[in-house]
Amino acid sequence: MEAKRALERFDGDAEQAALALRSAGAAIARKKEHRQAGEGRIEIYAHTGERIGAMLELRCETDFAAATPAFRALARNLALQVVAMNPAYIAPGDVPAHIIAEETEKAERQARLEQKPAAVIPRIVEGRLKKYYSLNCLLEQPFIKDDSHSVRDELTACIAALKENVTVRRFVRYEVDA
């Protein structure tokens with residue numbers, strides 16, 4: 001019904017309606033982010049050949065939500081994401097300060113070697129840190145099933161659908177050494 005109302009509001013413009021629904025979902029996610037997520041599920045995924053696998057803990061507020069197909073699909077997709085993309089952290093806030101300092105220094109040094117103007121170096125550093133996060137932080141990575149949006153966007157969509165807080169608590173990736 002929400003999709004129908006959005007389409008009516010934007011006179012059938014699907015792109016505008018989708019954008020409005022996404023922003024409404026983000027607003028719901030912001031409201032729910034401080035609520036306790038005490039239920040959830042452990043998802044285990046082993047890739048074909050069973051040489052790479054992941055275990056992921058996805059949390060929500062109620063056992064009812066944890067049993068929904070949307071929540072289960074998100075847990076499965078996130079475990080698959082961990083296997084495929086090998087993130088080191090859940091979110092940028094989880095990256096240790098010394099690693100951020102190293103990456104910042106490396107980006108500044110590289111920009112100076114490329115003889116970039118001093119005025120643009122902070123923006124270059126910011127862009128390179130953002131790139132680092134998109135490679136190493138699960139929530140910032142492009143979603144492997146649709147790289148037009150991030151894993152965070154998928155999580156936000158699930159929060160909007162369930163009307164509950166959903167969080168990734170932890171994950172681990174295993175790989176058989178060659």
Side-chain angles (χ1 to χ4, degrees), residues 1-96 130 133-175:
M1 285 305 295
E2 289 177 44
K4 182 181 177 191
R5 282 191 288 263
L7 281 169
E8 288 171 354
R9 196 169 80 207
F10 292 102
D11 296 324
D13 185 344
E15 198 169 302
Q16 285 289 88
L19 191 60
L21 288 171
R22 265 192 225 109
S23 78
I28 290 170
R30 280 191 301 277
K31 278 194 237 176
K32 308 273 183 195
E33 72 184 354
H34 298 294
R35 290 170 54 173
Q36 179 72 20
E39 293 294 328
R41 68 180 284 118
I42 301 291
E43 185 66 36
I44 300 169
Y45 174 80
H47 193 61
T48 307
E50 298 180 352
R51 297 186 58 80
I52 303 173
M55 188 181 313
L56 177 125
E57 181 180 353
L58 188 64
R59 294 297 199 98
C60 60
E61 295 175 38
T62 64
D63 59 347
F64 173 77
T68 63
F71 188 84
R72 295 171 67 102
L74 179 64
R76 183 75 171 171
N77 288 336
L78 293 182
L80 176 67
Q81 178 89 21
V82 168
V83 165
M85 301 300 288
N86 195 15
Y89 311 100
I90 295 171
D94 299 328
V95 180
K130 194 172 184 174
Y133 294 144
S134 76
L135 293 172
N136 294 287
C137 298
L138 176 66
L139 296 180
E140 302 305 314
Q141 292 179 331
F143 186 55
I144 59 171
K145 290 195 170 188
D146 179 4
D147 63 0
S148 69
H149 59 278
S150 69
V151 171
R152 184 181 304 277
D153 295 335
E154 280 296 303
L155 192 68
T156 300
C158 187
I159 293 169
L162 296 176
K163 308 281 193 262
E164 286 196 12
N165 189 19
V166 177
T167 60
V168 177
R169 175 124 188 312
R170 58 188 164 173
F171 65 84
V172 65
R173 182 180 186 268
Y174 297 98
E175 186 170 356

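The figures that follow rest on heavy atoms only: side chains count, while hydrogens, waters and symmetry mates do not. In this text the structure is predicted, and so the values were computed from the model without any measurement. Counting from 1, the numbers follow the sequence of the chain as shown.
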(message) Please enumerate all residues that pass side chain to side chain donor-acceptor pair (under 3.5 Å) together with Arg72, with sequence neighbours excluded.
(response) none

(message) How close do Ala160 and Lys163 get, counting heavy atoms only, and between which atoms?
(response) O-NZ, 3.0 Å

(request) Supply the atom-to-atom distance Ile90 CD1 to Asn136 CG, rounded to the nearest 0.5 angstrom. (result) 13.5 Å

(message) Between Arg152 and Glu140 (side chain of the first, backbone of the second, donor and acceptor by atom type, cut-off under 3.5 Å), is there such a pair?
(response) no

(request) Only counting residues at least two apart or in another chain, list the ones meeting side-chain contact (heavy atoms from CB on, under 4.5 Å) with Pro142. (result) Asp147

(message) The criterion is salt bridge (charged side-chain N to carboxylate O under 4.0 Å, His left out); which residues satisfy it with Arg76, sequence neighbours excluded?
(response) Glu43

(request) Please examine the side chains of Tyr133 and Val95, heavy atoms only from C-beta on, and report whether any two atoms are closer than 4.5 Å. (result) yes

(message) I need the minimum non-hydrogen distance between Arg173 and Asn86, along with the two atoms involved.
(response) CD-OD1, 3.1 Å

(message) If we ignore hydrogens and angles and just use 3.5 Å, is the side chain of Gln141 paired with the main-chain N or O of Leu135 as donor and acceptor?
(response) yes

(message) Can you confirm whether Leu56 sits close enough to Leu74 that some side-chain heavy atom of one is under 4.5 Å from a side-chain heavy atom of the other?
(response) no

(request) Any chance you could measure Cys158, atom SG, to Leu58, atom CG, to the nearest 0.5 Å? (result) 7.0 Å

(request) Working to the nearest 0.5 Å, report the span between CG of Asp153 and CG of Leu139. (result) 10.0 Å

(request) State the CG-NZ distance between Asn77 and Lys145, to the nearest 0.5 angstrom. (result) 4.0 Å

(message) Measuring from atom CZ of Phe143 to atom CG of Leu80, what distance do you get when rounded to the nearest 0.5 angstrom?
(response) 8.0 Å

(request) Working to the nearest 0.5 Å, report the span between CD of Glu39 and CZ of Phe64. (result) 13.0 Å

(message) Using modelled atom types and a 3.5 Å cut-off, is there a donor and acceptor pairing between side-chain atoms of Glu164 and backbone atoms of Glu61?
(response) yes

(request) Please report the shortest heavy-atom distance between Leu162 and Ala65, naming the atom on each side. (result) CD1-CB, 4.2 Å

(message) Any heavy-atom pair between the side chains of Pro87 and Val82 that's under 4.5 Å?
(response) yes

(message) Between Val151 and Met85, is there a side-chain heavy-atom distance shorter than 4.5 Å?
(response) no

